[in-house]
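Below is one structure, written out as C-alpha cells; the observations come after it.
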Amino acid sequence: MKVLPLDKLREALNIMANDAEVYVPMLRDDISGYFQWADNPADELALDLLNTYLSPKNVVIPQTEPMYKFKTSKQDVEITEVQVREGARIIFGIKACDLKALENLDMAFLTMGFEDEYYKARRQDLTIIAQACYKPGPACFCEGMGADRINPAADVLIHELENQDYAWEAKTSRGEELTAKIAALMEERDVTLPQAEPQSRKVDMTGVSEKLAEMFEHPVWDDLSSRCMNCGICTYVCPSCYCFDIQVSNRGEAGNRFRCWDSCMYREYTMMAGGHNPRDYKKERYRNRFLHKLQFFNERYGANLCTGCGRCVILCPNGVNIIEVIEKVKEVKLDA
Amino acid sequence: MHDHNHECSCKDHGQTNPLVPTMVKVQKIVDETSDVKTFYVVGENGIPFKVMPGQLAMVSHVAIGEGMFSVSWQDDDHLQFAIKRVGLLTDALHEIEVGQTLGVRGPYGNGFPVEECKGKDMLFIGGGIGLAPLRSFIKYCFKHREDYGKIQIIYGARSYDDLCFKRELFEEWPQVPNCEVYTTIDNAEDQWAGNVGFCPAYLEEINPSPQGRIAVTCGPPIMIKFVLQALEKMGYTDEQVITTLEMRMKCGIGKCGRCNIGSEYICLDGPVFNLAQLKKLPPEW
C-alpha cells in the first residue's frame with residue numbers, strides 16, 4: 001500500500017495547495033476546525049482530534065458570504081453579483097461523520113426544486129480526502145447514524161498507522177489524479193491497518209423518525225427543553241446545520257447583500273414583521289430543531305440531519321444531549 | 001402532499017441565480033388605507049416574470065432589505081404588491097416614490113389551484129391585508145369569468161379605513177355578473193351602514209352552502225383558525241377549504257430553513273394548502 005510518511009505531510013499539503021484551496025483540521029488561535037492550509041508555523045495539525053470544535057461546513061457554506069454589491073443613486077440601483085472564486089478545493093482529513101453531513105448539505109442545497117448557486121460553485125470541484133476513524137472520540141456515535149467510519153466513500157482514504165505515517169488509498173479517478181501529484185513523497189510498503197476500537201455511545205434510530213411524527217404535542221418536549229437556553233452553539237458547530245440569513249450592510253449609497261449562518265434557536269429566526277411568531281418560545285424552537293434533525297429532514301430527504309459527530313454533546317453548556325433525547329423519545333409510551 | 005421530485009424551476013426565472021433580484025421601476029402607487037399601499041412595478045422589458053394567483057415574490061428595497069409578499073395582481077406589463085406598513089422594510093417601502101428602483105425575485109410557491117376550481121362556485125373570505133393574495137385569485141376568476149360559477153367575497157377589516165381596494169370592493173366587483181361582495185368592520189362607525197362584526201360570524205350568517213363550492217380564506221392567523229372552524233361547522237369538507245399561510249422567509253427556494261411547518265416549506269410547498277393538507281401539518285402557524 002502507498003504510505004505518506006508523517007514527515008512528508010506538510011510538503012504534501014504544500015504541493016496540493018499550489019493549485020487548490022486545501023482545508024485541513026488544525027488548531028488556530030486555540031480553536032480547532034477546518035482552516036485553509038497556508039503552511040503557517042502557528043497552525044498546529046489536528047488530524048487526530050475527535051472532534052474538531054468547528055466542522056468543515058465552512059468549506060461549502062462560509063459563515064459569511066457576499067452575494068451582490070449595490071450602488072444607489074436618486075432613482076436607480078445598480079447591482080453587481082459577487083462570484084464565488086472558481087477552482088479546485090480539497091478537504092483533507094475529513095471524518096465519516098462530517099462526510100455524511102456533507103451529503104446532507106448536498107441534498108439540501110442541490111435538490112428539491114432549486115440549486116443554490118453559491119453552494120454549487122464551491123462543491124463542484126471539491127476533492128475529498130477522508131481519514132478512517134479507528135479511535136472514537138468521547139462523544140462519537142456516528143455508527144448509530146449509519147456512518148461507515150473506517151471506510152467512508154471518498155476520493156482518497158487515509159489511515160493513520162501506528163508509527164503515525166499515513167497509509168494512502170486513492171478511491172476514485174479524482175483521487176488518483178491528486179495522488180499522482182504527490183507520488184514522489186510516498187513509499188510503497190506492506191502495512192498493517194490498526195484495529196478499530198468500538199464506539200462506546202450506541203444509538204439505535206429504528207422507528208425514531210416515525211415515532212416522532214406522533215409526538216409533536218407530547219409533554220416530553222417541556223421537560224427536555226427546560227435545560228436549553230437557546231444559545232445556539234449546537235447549530236454553530238453542527239456539520240449538518242445549514243440554515244442561513246440574508247442581510248444587508250451599507251454605507252451611504254453603496255453596500256452589499258450577504259448571507260450568513262443563522263440558528264433556529266433564536267427568536268428572530270421566525271419572527272415576522274408585525275410581531276407574529278409561530279415559534280415564539282424556546283420549547284417550540286428546541287422541538288423544531290430536534291424534529292428537523294430526526295424527523296422532518298428524514299421525511300423530505302430520506303436521511304437524518306444528525307451524523308453523530310458529537311460536537312453538540314460536548315459543547316452544550318447545559319448538557320443538552322441528542323443521544324439522551326433519542327433515548328427519552330424511545331422511552332415515551334404513546335397512547336394507542 | 002407536495003411532489004418531492006418536482007423539476008427544477010429556476011430555469012424559468014430568467015435569472016441564473018435565484019437569490020439575486022431583477023431591478024424594476026415603481027410605475028404607480030395607490031394608497032389603499034392609511035397603512036397599505038399598492039405598488040405597481042415594471043421591469044426593463046415589461047413584466048419581470050409571470051406569476052400564478054397566490055404565488056409569492058421577494059421584494060427588495062435594495063439598501064434596506066427584502067421581504068416576501070404575495071403578488072396581489074399581475075397585468076400584462078406589471079406586477080402589483082399591496083404592502084402593509086408593519087416594520088423596518090415596509091416603512092422604507094412606504095417612503096418610495098414613483099420612478100424609484102426596487103428589486104424583485106420569484107415567483108415562489110405553489111399558488112392557488114385555479115384549474116381544480118374551474119366549474120365551481122367560489123367563496124372568498126379575507127381579513128385585513130389578507131385580501132391581497134385572494135385578490136389575485138378573485139381577479140383571475142373575473143378574467144376567466146365563464147370558467148367559474150357564482151363568486152362571493154366576504155371581507156372584513158378593523159375599520160372602514162382598513163378596508164383595502166375600496167374602489168374595486170364597492171364599485172367594480174359588485175358589478176361583475178353573478179358576484180356578491182359582503183364587507184364588515186370590527187366596530188360600528190358613524191358613516192358605516194354595513195355589517196359590524198368579525199368575519200367568521202358574518203360568514204356563518206351569510207351561510208353559503210357547501211354544495212359545489214370552494215372556500216378560499218386568508219387573513220390574520222387567528223381569523224383563519226375561526227373561519228376554518230366555521231366552514232367545517234357549515235359542512236365544508238377538508239378538500240373544499242383552501243387557505244394561504246405566512247411564515248418568515250429569507251431565500252424563497254427551500255434552503256434557508258425558517259419557513260418550515262413540519263417537513264413542508266411554505267416557500268416551496270405552500271403558501272397555499274387545503275384543509276386536508278393543513279391537518280397533516282403540526283399546528284405551528
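Everything numeric in this text was worked out from a predicted model, so none of it was measured. Lettering follows sequence order; numbering is per chain, from 1. All values below were derived from every heavy atom in this structure, side-chain atoms included, with hydrogens, water molecules and symmetry-related copies excluded.
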Report yes if the side chains of B:Tyr265 and A:Met112 come closer than 4.5 Å at any heavy-atom pair, otherwise no. no
Worksheet item: Between B:Lys255 and A:Tyr119, is any pair of side-chain heavy atoms under 4.5 Å apart?
Response: no
Honestly, the part of B:Thr90 sitting under 4.5 Å from a heavy atom of chain A is neither
Whatever's closer than 4.5 Å to a heavy atom in chain A on B:Lys84 counts as neither
Honestly, the part of A:Glu253 sitting under 4.5 Å from a heavy atom of chain B is neither
Heavy atoms of B:Glu284 and A:Asn288 approach each other most closely as OE1-OD1, 4.2 Å
Of A:Met67, A:Glu117, A:Lys120, the one forming a side chain to side chain contact (heavy atoms under 4.5 Å, CB included) with B:Asn17 is A:Glu117
Pair count under 4.5 Å, heavy atoms only, with chain B: among A:Leu291, A:Thr270, A:Asn256, A:Ile246, highest is A:Ile246
Here the pair of heavy atoms bringing A:Gln75 nearest to B:Val98 is NE2-O, 3.5 Å
Check: Hey, are the side chains of A:Asp76 and B:Lys25 touching, using non-hydrogen atoms and a 4.5 Å cut-off?
Finding: yes
Taking every heavy atom of A:Cys243 against every heavy atom of B:Gly257, the minimum-distance pair comes out as SG-CA, 3.7 Å
Looking only at B:Cys259, B:Pro221, B:Gly103, the option with the highest number of non-hydrogen pairs under 4.5 Å against chain A is B:Pro221
Smallest heavy-atom separation, B:Cys256 atom then A:Tyr269 atom, equals O-OH, 3.8 Å
So, the part of A:Arg285 with a heavy atom under 4.5 Å from chain B: the answer is neither
Turns out that what part of A:Leu110 lies under 4.5 Å from chain B's heavy atoms comes down to backbone
Assert top hit (heavy-atom pairs under 4.5 Å, partner chain B, pool A:Thr111, A:Asn250, A:Val77, A:Asn277) equals A:Val77
message: Less than 4.5 Å apart, side chain to side chain, heavy atoms only: is that true for A:Asp262 and B:Lys250?
response: no
One option among B:Val26, B:Val86, B:Asn260 has the most heavy-atom pairs under 4.5 Å with chain A, and it is B:Asn260
Checking heavy-atom separations under 4.5 Å from chain A, one finds in residues 62-71 of chain B B:Val62, B:Ala63, B:Ile64, B:Gly65, B:Glu66
Cut-off 4.5 Å, heavy atoms of chain B, and the answer for A:Phe244 is both
| said: Heavy-atom count check: over 12 atoms from other residues, nucleotides or ligands less than 6.0 Å from A:Gln124 CD? | reply: yes
| Should the heavy atoms of other residues, nucleotides or ligands under 6.0 Å from NZ of A:Lys328 be counted, would the total exceed 12? | no
Turns out that what part of A:Glu284 lies under 4.5 Å from chain B's heavy atoms comes down to both
Taken to the nearest 0.5 Å, the spacing of B:Arg258 CZ from A:Met272 CE works out to 12.0 Å
Practice problem: State, with a plain yes or no, whether a side-chain heavy atom of A:Arg259 is found less than 4.5 Å away from one of B:Cys251. | Solution: no
Counting neighbours of NZ on A:Lys211 that are heavy atoms of other residues, nucleotides or ligands and sit closer than 6.0 Å, is the number greater than 12? yes
Heaviest contributor of heavy-atom pairs below 4.5 Å to chain B, chosen from A:Cys264, A:Ala254, A:Ala108, is A:Ala108
Tell me if the NZ atom of A:Lys282 is crowded by more than 12 foreign heavy atoms within 6.0 Å. yes
Using side-chain heavy atoms (C-beta onward) and a distance below 4.5 Å, is A:His276 in contact with B:Glu246?
no
Pairwise side-chain contact, B:Met247 with A:Arg279, heavy-atom cut-off 4.5 Å (strictly under)
yes
Bottom line for B:Pro220: the part with an atom under 4.5 Å from chain A's heavy atoms is neither
Is the shortest heavy-atom distance from the side chain of A:Arg300 to the side chain of B:Asp269 under 4.5 Å? yes
CE (B:Met23) and CZ (A:Phe70) are apart, to the nearest 0.5 Å, by 9.5 Å
dist A:Ile79:CD1 -> B:Ser60:OG (nearest 0.5 Å) comes out at 8.0 Å
From the list A:Phe296, A:Phe297, A:Tyr301, side chain to side chain contact (heavy atoms under 4.5 Å, CB included) with B:Ser263 holds only for A:Phe296
Problem - Heavy atoms of other groups near A:Phe216 CZ, more than 12 under 6.0 Å - result: yes
